[in-house]
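Values in this document were obtained by computation on a predicted structure and should not be read as measured data. Chain A is the first sequence line, chain B the second, and so forth, proteins listed ahead of strands; every chain is numbered from 1.
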Amino acid sequence: MINKVVANADEAIADITDGQTLMLGGFGLCGIPENCISALVKKGVKDLTCISNNAGVDDFGIGLMLKQRQVKKMISSYVGENAEFERQLLSGELEVELIPQGTLATRCLAAGYGMPAIFTPAGVGTEVAEGKETRNFNGKDYLMEYAFDADFAIVKAWKGDTAGNLIFRSTSRNFNPVMAMAGKITIAEVEELVEVGQLDPDHIHTPGVYVHRIFQGKDYEKRIEQRTVRSKEQG
Amino acid sequence: MINKVVANADEAIADITDGQTLMLGGFGLCGIPENCISALVKKGVKDLTCISNNAGVDDFGIGLMLKQRQVKKMISSYVGENAEFERQLLSGELEVELIPQGTLATRCLAAGYGMPAIFTPAGVGTEVAEGKETRNFNGKDYLMEYAFDADFAIVKAWKGDTAGNLIFRSTSRNFNPVMAMAGKITIAEVEELVEVGQLDPDHIHTPGVYVHRIFQGKDYEKRIEQRTVRSKEQG
Amino acid sequence: MLDKNGIAKRIAKEIKDGYYVNLGIGIPTLVANYIPEGVNVVLQSENGLLGMGPFPFEGEEDPDLINAGKQTITTLPGSSIFDSAMSFGMIRAQKIDLTILGAMEVSENGDIANWKIPGKMVKGMGGAMDLVASAKNIIVAMQHVNKAGESKLLPSCTLPLTGVNCIKKIVTELGVFDVLPEGGFKLLERAPGVSVDEIRKATAGKLYADDDVPEMVVG
Amino acid sequence: MLDKNGIAKRIAKEIKDGYYVNLGIGIPTLVANYIPEGVNVVLQSENGLLGMGPFPFEGEEDPDLINAGKQTITTLPGSSIFDSAMSFGMIRAQKIDLTILGAMEVSENGDIANWKIPGKMVKGMGGAMDLVASAKNIIVAMQHVNKAGESKLLPSCTLPLTGVNCIKKIVTELGVFDVLPEGGFKLLERAPGVSVDEIRKATAGKLYADDDVPEMVVG
């Protein structure tokens with residue numbers, strides 16, 4: 001097997017440079033690559049284009065990179081509650097491209113599956129369709145959307161092995177597997193790094209061929225964005 | 001949860017009628033829906049169009065349906081060793097459309113993911129490209145291939161639950177999950193049918209939403225096409 | 001006149017046994033509380049889950065298990081987890097029987113606007129454009145008029161569109177409406193104590209109402 | 001002159017540490033036997049496996065575990081299983097570093113024909129068209145001439161094509177050849193005991209050979 005292990009986040013992201021395009025996995029704050037984001041903040045690399053479904057919150061996730069003005073452009077489906085993001089957007093410091101969530105996911109899939117473009121009905125007849133090719137199949141209109149082209153994909157998995165195979169846990173899977181497939185170079189941080197042979201081949205979500213670097217992450221905060229509960233009495 | 005269980009193969013295929021298009025999972029004889037094929041042979045439904053990577057062997061798999069002249073057209077990537085198949089093809093009784101294996105898989109994926117067409121470079125400049133739209137992206141030519149439109153998809157899984165969730169075992173996965181997504185009606189036969197809650201949600205390969213009928217299969221032969229071994233001495 | 005829970009309760013009656021349903025944020029989320037006994041429904045959360053259960057008990061929240069509103073949730077037996085590409089794949093392939101979502105405006109021909117107000121901070125469309133473009137059956141749950149007192153059922157939308165010609169049914173605090181294939185809102189049921197005239201006044205788009213529109217039975 | 005194992009042995013030297021490799025049926029399959037110690041390679045089988053191992057011991061065959069040639073095989077630690085769409089997805093996305101396959105004919109511009117002989121029963125292209133259209137590096141392993149004694153390295157293919165302008169390198173029993181970007185076969189190495197003249201005679205396509213083409217070192 002091919003060994004993809006690097007020591008830590010700093011080493012994993014060492015060759016990311018100003019102006020590059022990064023994909024970052026996660027949905028909201030769930031399943032985000034916390035260690036790599038910290039390392040990117042530390043490194044101070046800037047003018048980044050970030051493809052990520054969301055943009056974090058003011059003091060966590062991609063919000064930490066925004067606060068440091070490391071992001072030139074966000075490509076997201078929903079940018080949520082983030083005061084600094086809003087300030088930068090309104091002041092023109094930050095460029096934002098909003099695209100439908102399914103289009104975002106499928107443009108990742110397209111890159112990972114070597115398909116230069118896909119067709120989706122999402123956005124037909126809306127401003128999302130502006131400048132895009134519309135095509136009718138079986139009486140329904142679709143937009144042609146292009147595969148993403150990202151220098152790096154940075155994902156967070158639950159378990160991974162030294163060959164780069166990844167297993168995600170619950171809904172922290174979200175965009176991580178599709179982005180893992182889509183990066184020219186894919187970096188995976190995992191909660192538990194194991195030797196090859198420890199993971200069941202039938203349970204692998206992302207085969208190691210898609211992963212170029214993997215490391216054991218640490219100190220996961222896993223912040224909850226909307227803590228909703230019921231009391232035991234409610235049953 | 002929604003219960004998808006039917007009693008057996010006969011009940012599962014009861015409404016398949018002459019002239020319909022069926023997808024059948026499996027690669028070679030590995031992971032084929034043995035029970036449903038037997039039931040289709042028993043039912044005697046004919047003039048079928050079968051989409052399946054291979055066409056079985058003379059006395060097993062889809063070969064059993066060919067022997068009974070139930071198949072009008074095969075859509076496959078490789079039709080292998082099958083004397084009766086060859087006889088019917090040469091005599092003009094059977095129509096065969098050969099398409100690249102990846103194109104076959106991706107046309108299934110397209111159907112399951114609601115994409116009317118996909119682009120693939122497979123077959124560019126060959127007879128496979130005849131009559132098809134060729135399009136250049138980033139300096140490379142691709143063929144536009146359409147999503148399959150099948151009345152039924154018939155797949156074989158290792159385990160399944162009453163809600164239709166499926167888990168496949170080893171390389172018997174092959175075309176099964178992509179075909180399961182692609183049928184207007186999907187029938188799954190499983191080696192072990194369990195109650196909901198018995199399967200780990202993180203390990204499901206095919207979510208139950210794609211499966212309309214499921215039943216506990218029986219008497220699996222699982223024939224091996226090419227038995228290759230090494231002796232213990234060889235090590 | 002219905003309150004939010006009343007709207008949710010009425011919509012719950014549209015859900016049939018065996019349905020896979022996607023519930024948007026807001027009133028649609030409340031619909032889950034009113035699904036009748038014996039009606040087996042699977043809720044999809046488009047971040048990658050089929051079989052969404054209720055909120056977790058206090059202390060049992062799992063940060064890895066959230067819904068599309070980023071709320072902590074649980075799974076039910078028979079649930080499955082998948083990635084975002086498959087999630088929107090099954091949405092595009094119309095495997096989800098019913099989508100229920102909120103709206104700022106709906107037009108006579110079924111256009112919907114629910115993601116952007118020019119001049120205000122735009123948060124994004126999330127999965128809404130995918131859902132409305134693909135779903136075979138969409139019900140809008142919303143207030144009949146906006147905060148300025150203006151009708152949200154319009155001849156044509158004034159806000160940037162989320163999707164065109166896609167809404168089939170609307171439930172507001174005043175009534176239940178079909179969006180007719182030929183255009184226009186057909187009043188099917190009046191909310192308790194609400195007259196057709198009141199509804200007509202609150203509806204800017206073309207309204208069709210029979211003489212004897214029944215009062216709805218909720219719950 | 002090389003035998004089949006010699007061809008496989010020579011090709012094995014093209015495999016670099018860290019490569020993901022897809023091996024076709026026939027001579028390519030033999031290449032797996034000659035991968036040098038210390039060169040870590042992962043073999044892909046396009047029916048849905050990365051990390052293919054050797055044949056199973058007698059009595060340990062698993063009908064659910066086969067390769068693209070339908071042979072019973074084993075997996076190595078670190079292997080992964082996936083469906084056919086992902087398998088060809090990773091092929092199309094050029095995640096596989098090297099593809100080695102057989103051919104009936106290769107032309108000066110890198111066209112390959114290996115799936116169909118008019119008038120004979122056609123079994124199908126399987127995954128060959130996907131592999132040749134997508135792979136970033138393809139080596140053909142084949143006999144230099146066919147059973148009729150005709151060269152298989154041609155100015156242009158006579159048989160129906162599998163792919164165009166895609167073959168980068170050819171290894172036959174007579175030598176190792178690059179397919180030049182501008183067209184033509186460049187002789188890189190002679191098989192032991194084979195002269196450039198012999199090779200030239202067996203090559204119908206344009207052959208470029210320096211004066212001092214080295215004899216190959218096998219194994």
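- Heavy-atom pairs under 4.5 Å with chain C were tallied for B/Gly208, B/Ala163, B/Pro207; the largest tally goes to B/Pro207.
- Summarising the local packing, NZ of B/Lys218 is surrounded by 12 or fewer heavy atoms from other residues, nucleotides or ligands at distances under 6.0 Å.
- C/Met1 CE: 12 or fewer foreign heavy atoms inside a 6.0 Å radius.
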Output all donor-acceptor pairs under 3.5 Å across chain B and chain C; consider backbone as well as side chains.
residue: B/Lys4; atom: NZ; partner: C/Tyr20; partner atom: OH; Å: 2.7
residue: B/Tyr113; atom: O; partner: C/Arg92; partner atom: NE; Å: 2.8
residue: B/Tyr113; atom: O; partner: C/Arg92; partner atom: NH2; Å: 3.1
residue: B/Asn165; atom: ND2; partner: C/Gly78; partner atom: O; Å: 2.8
residue: B/Gly183; atom: O; partner: C/Lys95; partner atom: NZ; Å: 3.3
residue: B/Pro201; atom: O; partner: C/Ile81; partner atom: N; Å: 3.2
residue: B/Tyr210; atom: OH; partner: C/Met90; partner atom: N; Å: 3.4

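- When each of C/Leu50, C/Ile81, C/Leu65, C/Leu49 is tested with B/Pro201 by the rule side chain to side chain contact (heavy atoms under 4.5 Å, CB included), just one qualifies, namely C/Ile81.
- In this structure, chain C has a heavy atom under 4.5 Å from the backbone of B/Ala111, while its side chain stays farther away.
- Considering only heavy-atom pairs separated by less than 4.5 Å from chain C, the leading option among B/Leu199, B/Val209, B/Ile204 is B/Val209.
- Considering all non-hydrogen atoms of both residues, C/Ala93 and B/Gly112 come closest at CB-O, 3.3 Å.
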